[in-house]
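In listed order, ligands and their atoms are each counted from 1. Throughout, numbering of the chain's residues begins at 1 and tracks the sequence.
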Amino acid sequence: MKIIDILNSKTRPFPSFELVPPLKGSDINKLYKSIEPLMEFKPPFLNITYHRDEVEFRQKGDGTFEKVTVNKRPGSVAIAAAIMKRFQVEVVPHLICGGASKYKLENDLIDLNFLDIQNVVALRGDAIPGQKYFSPEPDGHKYSCQLVEQIHNMNRGKYLDETLTDAIATNFCIGVAGYPEKHYEAPNPEMDIAHLKKKVEAGADYIVTQMFFDNQRFFRFVEKCREAGITVPIIPGLKPISTQTHIELLPRAFSIDLPEELMKEVRKCKNNEAIYQAGIEWCTMQSKELLAQGASAIHYYTMGKADNIRKILTAVF
Ligand code: FAD
């Protein structure tokens, strides 16, 4: 079932979760174990992130360095299919433009279609570590709206190979990313929202947001999107902080603010256990307020942790 149909048909709010593929060489059973405790909350869908190749310089025995290309978390498409089969749940693999030509993306979409996966989130991806700016592949996309357009074309039977005159039309539901605190490259929130509108005009069915810790930012973002004429559903994305490291890492990694009220709570904490608890309480408070204000779904960034999310969901859903 398409996510947009789930969003339109559910009469009660529901949670969904974002999963990260296991590191190369790890057992997929670990991932299954992290999903199992969340399934009692009946998420209608699970998202699976995509991780692009990275370039590393590895020192050889003779002291020289060799350049190697590695993908630390391969297998997104296969993992999505395996999770769908095992848990009988809709899956939403993420697709990114970074590191991929449009031809590779088309082949990935064909694979997904064969696997009966009807949902994707279309993203640009970030610059590779060590590079300052995102640079597209020679045959790739510069912005996610171009990937959305490509998928939308396939949904109308229009593939890249124009000699394919009677190709089957795919039936993908397309999600895209939105940034309540603005994407870090956008010159201002208004332009970021104008770019978001382009993704919707290109064929996106719904928006799922970057994590945020201040609900007011989300409410203002939704208001501005509506004023700009974006009418598709906007799913808020939440993540509970759980360690001191998050306080330093999350603002840097995701270009987001941690509100002073939350920081006051964290400063009272004597150890990571107390921070973990404060994170649960903050995320529970955010979730309850979002639902009270009419959110029909909340997307949780689990990052492989189920225990804190379970506690939040028990209090909220
Ligand atoms: P875009 O929509 O292309 O936007 C990128 C920047 O360009 C923005 O500043 C925007 O304002 C601007 N822009 C957009 N369109 C135009 C245009 N037409 N003209 C001029 N400027 C434009 N990364 C991964 O690698 N793997 C994942 O699985 C993953 N999942 C994510 C899930 C969610 C919900 C979110 C919020 C992010 C995720 N990311 C993931 C991170 C994402 O790839 C980065 O945030 C990336 O920097 C931007 O991706 P985007 O799709 O929003 O890019």
Please check whether [X] reaches ligand 1 - meaning an N/O of the residue sits under 3.5 Å from an N/O of the ligand, judged on distance alone.
X: Tyr50; value: yes
X: Lys142; value: no
X: His51; value: no
X: Asp126; value: yes
X: Asp192; value: yes
X: Tyr301; value: no
X: Gly125; value: yes
X: His94; value: yes

> In terms of ring plane angle, is the pair Phe87 and Tyr32 parallel, tilted or perpendicular, where the classes change at 30° and 60°?
Replying inline: perpendicular
> So does Glu66 pair up with Arg58, basic N to acidic O under 4.0 Å?
Replying inline: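 No, no charged N to carboxylate O under 4.0 Å.
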Side-chain donor-acceptor distances from residues 197-207 under 3.5 Å, at least two apart:
from, atom 1, to, atom 2, distance (Å)
Lys197, NZ, Ala228, O, 3.0
Lys199, NZ, Ala177, O, 2.9
Asp205, OD2, Ile174, N, 2.7

> Any non-hydrogen protein atom below 4.0 Å of atom 43 (O) of ligand 1?
Replying inline: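 Protein heavy atom within 4.0 Å of atom 43 (O) of ligand 1: present.
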> Partners of Asn188 by side chain to side chain contact (heavy atoms under 4.5 Å, CB included), sequence neighbours excluded?
Replying inline: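 By the side chain to side chain contact (heavy atoms under 4.5 Å, CB included) rule, Asn188 matches Glu190, Met191.
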> Any side-chain heavy-atom pair from Asp5 and Leu7 closer than 4.5 angstrom?
Replying inline: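 Side-chain contact under 4.5 Å: no.
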